[in-house]
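Have a look at the structure below before the remarks.
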Number of protein chains: 2
Amino acid sequence: MSETPSPKDKVGMICRALRRAIIEQALEPGAKLPEDSLGERFGVSRTIARHALGQLASEGLVELRRNRIAVVVTPSWQDARDIFDIRMELERLIVRKLAGKLKPVQIARLKDHVAAEQQAHDGPSAVSIRLATEFHILLASMTNSPVLVRYVSEIAYRCCLTLSLFSRPHSSECGISEHIAIIDALQDGNVEKAMTLMHAHLGEVANRALVEPSPARGRDLVDVLAPYAEETH
Amino acid sequence: MSETPSPKDKVGMICRALRRAIIEQALEPGAKLPEDSLGERFGVSRTIARHALGQLASEGLVELRRNRIAVVVTPSWQDARDIFDIRMELERLIVRKLAGKLKPVQIARLKDHVAAEQQAHDGPSAVSIRLATEFHILLASMTNSPVLVRYVSEIAYRCCLTLSLFSRPHSSECGISEHIAIIDALQDGNVEKAMTLMHAHLGEVANRALVEPSPARGRDLVDVLAPYAEETH
DNA sequence: GGCACCTCAATTGCATACACTTCACGTCAT
DNA sequence: ATGACGTGAAGTGTATGCAATTGAGGTGCC
């Protein structure tokens with residue numbers, strides 16, 4: 001919610017920056033997020049930083065413990081399972097809503113995104129994963145259902161986080177071709193095929209969640225956030 | 001989220017109070033929620049009231065507009081449709097997870113709840129609606145999937161709100177018998193039947209959303225909140 | 001009467017102050 | 001060494017203050 005990119009919305013800006021930092025694993029699960037440091041880093045008071053943390057907590061990306069420093073959540077394996085279950089249902093719904101109803105301009109938009117994914121394929125894997133995640137969010141946004149967009153965004157980001165915890169290191173080949181296949185099926189209005197593809201695609205992704213977690217290490221917050229603070233002013 | 005009934009969590013308490021006030025229609029869609037009045041009413045500072053509003057906004061119950069007084073959301077008809085769509089998917093998932101896996105003590109708990117629904121049947125319809133909503137949340141909580149609980153809670157509350165806007169006045173007979181039938185099917189482990197029943201039940205409820213909205217009227221906040229402030233200390 | 005404009009009380013946006021809690025570290029007894 | 005304990009720095013919880021924004025009502029002009 002409150003996803004309006006208004007220039008005055010400092011909380012939203014910090015949220016976006018942190019969200020990105022988290023899903024690109026610049027901030028790993030377990031990383032501490034003290035209100036002071038955050039505020040200092042983004043040039044706002046603790047009040048704002050605190051609000052941002054509250055927001056991210058409500059999205060399930062940050063864990064808020066009373067009187068303790070907030071941390072990036074470390075999803076449990078069970079959480080991961082649950083989240084993927086829900087995700088499958090929601091993405092089925094999206095596919096059902098979208099199949100055969102996408103306008104050419106939307107198809108183009110999707111293909112552009114996939115192209116970007118292909119381009120980023122050689123770059124840092126964190127970026128690939130983020131783009132793959134954002135493909136699904138883009139898809140969701142085409143349903144024109146704000147609620148659906150919100151839930152799928154949240155869940156997709158959390159999946160992203162989970163994958164970073166449990167998946168094998170070199171899983172950057174996140175099924176770009178599968179994305180293309182899904183677009184095609186949607187374009188053809190082939191609901192069943194699209195749903196099957198999506199299901200398989202997500203299953204594929206979920207099945208990577210079978211390896212040991214990596215322990216959280218503690219880098220300096222200021223360093224880590226440097227590249228993300230830029231766009232906030 | 002942050003649903004831990006800790007005695008120190010003032011924000012959570014205010015949220016719960018407001019949530020209840022909203023879904024029981026003591027606070028109607030469009031009702032204004034100024035931070036000052038809220039704080040005064042609950043004996044806390046604006047800071048806390050503000051946080052509570054933020055939380056409720058992230059749940060979609062309250063609308064936060066920059067520099068403007070927060071208001072209880074007025075769901076659009078389209079929103080309502082979207083929310084019901086999502087709800088159906090999620091409740092299908094719940095049923096699938098639960099069928100045949102409920103322990104006797106859980107069944108008992110559910111039946112107790114339905115009994116409470118029956119008892120409240122003659123009372124104010126707002127209470128019946130709340131109880132009917134909470135039945136679904138209780139069901140969700142038995143999946144032991146925090147994420148699912150959160151989403152279903154949010155959505156169910158929003159459905160509740162929507163119904164209060166669009167449904168016919170005397171819709172208190174909210175399908176208590178249907179709740180019982182669902183419990184039975186779940187107990188028997190009859191997944192298909194349970195899913196069908198749930199689908200029908202929700203469809204029934206959703207189909208009430210076909211009448212004109214009632215305009216928001218403005219009662220005095222302090223009066224309206226009186227019965228809800230009690231349990232916060 | 002109706003409409004544009006102005007003014008000010010009401011309200012939010014944000015920062016800061018202070019009390020309380022937690023945690024890390026150092027001390028001391030064993 | 002080791003473990004209990006105490007202490008202070010770091011951090012959060014909450015209230016409050018001040019500036020900026022809004023909008024409701026009044027005023028004057030048409």
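Numbers restart at 1 for each chain; the letters A, B, ... are given by sequence-line order, proteins then strands.
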Would you kindly give the CZ-to-C1' distance between F42(B) and dG13(D), to the nearest whole Å? 19 Å

Whole-Å distance between dT14(D) P and I14(B) CD1? 10 Å

Output all residues satisfying side chain to side chain donor-acceptor pair (under 3.5 Å) with Y157(B), sequence neighbours left out; order by chain, then residue number. none

Checking side chain to side chain contact (heavy atoms under 4.5 Å, CB included) between V62(B) and each of I22(B), V71(B), L27(B), which is the one that passes? I22(B)

Whether each nucleotide of nucleotides 17-24 of chain D has a protein heavy atom under 4.0 Å at its base (B), only at its sugar-phosphate (S) or at neither (-) is summarised, 5' to 3', as B---SSS-

Nucleotide of dC14(C), dG13(D), dA15(D) approaching E35(A) most closely (side-chain heavy atoms): dG13(D)

Nearest whole angstrom, please: distance from the C1' of dA15(C) to the CG of D36(A). 13 Å

Hey, are the side chains of V127(B) and E24(B) touching, using non-hydrogen atoms and a 4.5 Å cut-off? yes

Ignoring the backbone of I69(B), work out which of dT11(C), dT16(D), dA15(C) is nearest its side chain. dT11(C)

Once the angle between the rings of H51(B) and H51(A) is folded into 0 to 90°, is it parallel (under 30°), tilted (30 to 60°) or perpendicular (over 60°)? tilted

Just the rounded figure in Å: distance from C1' of dA15(C) to CD of E40(A). 15 Å

Does K97(A) come within less than 4.0 Å of D82(B), counting only side-chain N to carboxylate O? yes

For the residue pair H179(A) and H136(A), does the interplanar ring angle fall in the parallel (under 30°), tilted (30 to 60°) or perpendicular (over 60°) class? perpendicular

Has S45(A) got a side-chain N or O lying under 4.0 Å from the OP1 or OP2 atom of dA15(C)? yes

Examine dT12(D): is either OP1 or OP2 under 4.0 Å from a nitrogen or oxygen in the side chain of R50(A)? Give yes or no. no

Nearest-Å distance for atom pair CG/P, residues D9(A) and dT12(C): 17 Å

Rounded to whole Å, please give me the gap between NE2 in H51(B) and P in dT12(C). 15 Å

Mapping I48(B) and A70(A) onto DNA chain D by nearest heavy atom, which one lands closer to the 5' end? A70(A)

N/O donor-acceptor pair under 3.5 Å between R150(B) side chain and S58(A) backbone: yes

